[in-house]
Amino acid sequence: MPARTDSFDLGRLKLTSGEGRRLVLEVGLDALQFGGETYAITPDVVEAVLDISRTTHNGFALRLRFDASLRGPCMRCLEPAEPAVSVDSREVDQPGDVEELRSPYVEDEVLDLHAWARDALALALPVQLLCRDDCAGLCPICGIDLNAAARVGAVHAHEREPDPRWAKLGELKFD
Ligand SMILES: [Zn+2]
Ligand SMILES: [Zn+2]
C-alpha cells in the first residue's frame with residue numbers, strides 16, 4: 001500500500017502547459033463534527049484520484065475524487081448510521097493578480113491534499129446524516145423509534161389533543 005500523502009509537490013511533476021496527469025494517492029481523513037456529534041470516517045485513509053492539469057501561465061487545474069463513509073448516530077433515530085459520501089471537488093490555482101484564482105490549498109506549487117480532502121468532504125455531506133434515506137425517526141410525542149414500530153407492523157399513533165380553537169367553536173350555538 002502506498003504511503004499516505006498529506007501534501008503533494010505539484011511542481012515536481014514538471015508538467016508543461018496543457019499537460020495533465022492522473023494520480024491515485026492515499027489521503028488521510030480526520031473524524032469530523034457535524035450537528036454536535038462526532039463522525040469517524042471509514043476508511044480513514046482513502047484512495048483518492050487526483051487529476052492535475054497545467055494551465056497556461058504556470059497555473060494548475062485540479063480535481064479530487066474519492067468515496068468515504070461516515071460512522072456515527074443517525075440524526076433522526078440516533079441508531080448507528082454509516083452514510084456514504086462521494087466527493088468530487090475542483091480547484092484552480094492561477095498565479096497572478098486575481099485573488100479569486102488562487103487556491104487556498106496550493107502554496108508554492110505544493111498542494112495541501114489533507115486540508116482539501118477534509119473541506120471537500122465536509123462540503124459534500126448531505127443536509128442530514130441518516131441510517132437510511134427513508135428513516136422514520138423518533139415519534140415527536142413519545143420518542144419511540146418509529147423504524148422499530150414499523151418493523152413489527154404496528155401503526156404508531158397518538159390521540160390528538162383537540163385544537164383549543166375548535167373547542168371554542170363548539171361552544172357557539174347557531175340557530
Ligand atoms: Zn435513522
Ligand atoms: Zn409516540
Side-chain angles (χ1 to χ4, degrees), residues 1-8 22-52 61-92 100 103-106 111-174:
M1 197 157 121
R4 217 179 111 150
T5 308
D6 282 338
S7 65
F8 185 81
R22 171 170 295 175
L23 299 166
V24 177
L25 300 169
E26 302 282 327
V27 183
L29 294 167
D30 304 327
L32 56 86
Q33 304 278 330
F34 192 46
E37 300 283 353
T38 300
Y39 290 84
I41 314 294
T42 52
D44 59 355
V45 178
V46 290
E47 216 166 66
V49 177
L50 176 65
D51 288 305
I52 305 161
L62 306 164
R63 185 181 187 189
L64 181 67
R65 282 173 288 176
F66 63 88
D67 295 314
S69 290
L70 281 74
R71 191 179 285 166
C74 170
M75 286 182 168
R76 274 190 206 148
C77 72
L78 307 177
E79 290 296 311
E82 206 169 325
V85 181
S86 275
V87 174
D88 186 348
S89 178
R90 291 168 191 270
E91 280 290 318
V92 168
E100 289 78 53
S103 168
Y105 308 114
V106 180
L111 173 65
D112 188 345
L113 207 47
H114 185 246
W116 184 14
R118 178 198 60 211
D119 293 352
L121 177 68
L123 289 172
L125 293 180
V127 180
Q128 284 197 308
L129 298 175
L130 303 177
C131 59
R132 55 169 212 257
D133 287 344
D134 62 349
C135 172
L138 303 178
C139 171
I141 295 169
C142 69
I144 193 178
D145 182 348
L146 294 176
N147 296 314
R151 270 197 295 279
V152 296
V155 176
H156 184 76
H158 293 267
E159 287 290 330
R160 283 192 46 195
E161 289 288 321
D163 188 313
R165 287 171 302 173
W166 296 116
K168 252 293 167 279
L169 274 180
E171 289 166 14
L172 291 172
K173 294 264 191 290
F174 298 100

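Computation of the quantities below employed the complete heavy-atom set of this structure, encompassing side-chain atoms and omitting hydrogens, waters and symmetry-equivalent molecules. First listed ligand is number 1; within each ligand, the first listed atom is number 1.
Salt bridge annotation for Arg4-Glu26: absent, with no cationic side-chain nitrogen under 4.0 angstrom from a carboxylate oxygen.
To the nearest 10 degrees, the Zn ion (ligand 2) sees NE2 of His156 and SG of Cys139 at an angle of 110°. Here His158 contributes NE2 and Cys142 contributes SG, and at the Zn ion (ligand 2) these two atoms make an angle of 120°, given to 10°.
Considering every non-hydrogen atom in both Arg132 and Asn147, the closest pair reads NH2-OD1, 3.3 Å. Contact record, Ala120 with Ser89: CB-CB, 3.7 Å, taken as the closest heavy-atom pair. Minimum heavy-atom separation, Asp30 to Ile41: O-CG1, 3.2 Å. Closest non-hydrogen pair, Cys74 versus Cys131, comes out as SG-N, 3.3 Å.
The neighbour count for Arg71 CZ, taken as heavy atoms of other residues, nucleotides or ligands under 6.0 Å away, does not exceed 12. The environment of Asp134 atom CG is dense: over 12 non-hydrogen atoms of other residues, nucleotides or ligands sit within 6.0 angstrom.
Tally of protein N, O or S atoms closer to the Zn ion (ligand 1) than 2.8 Å: 4.
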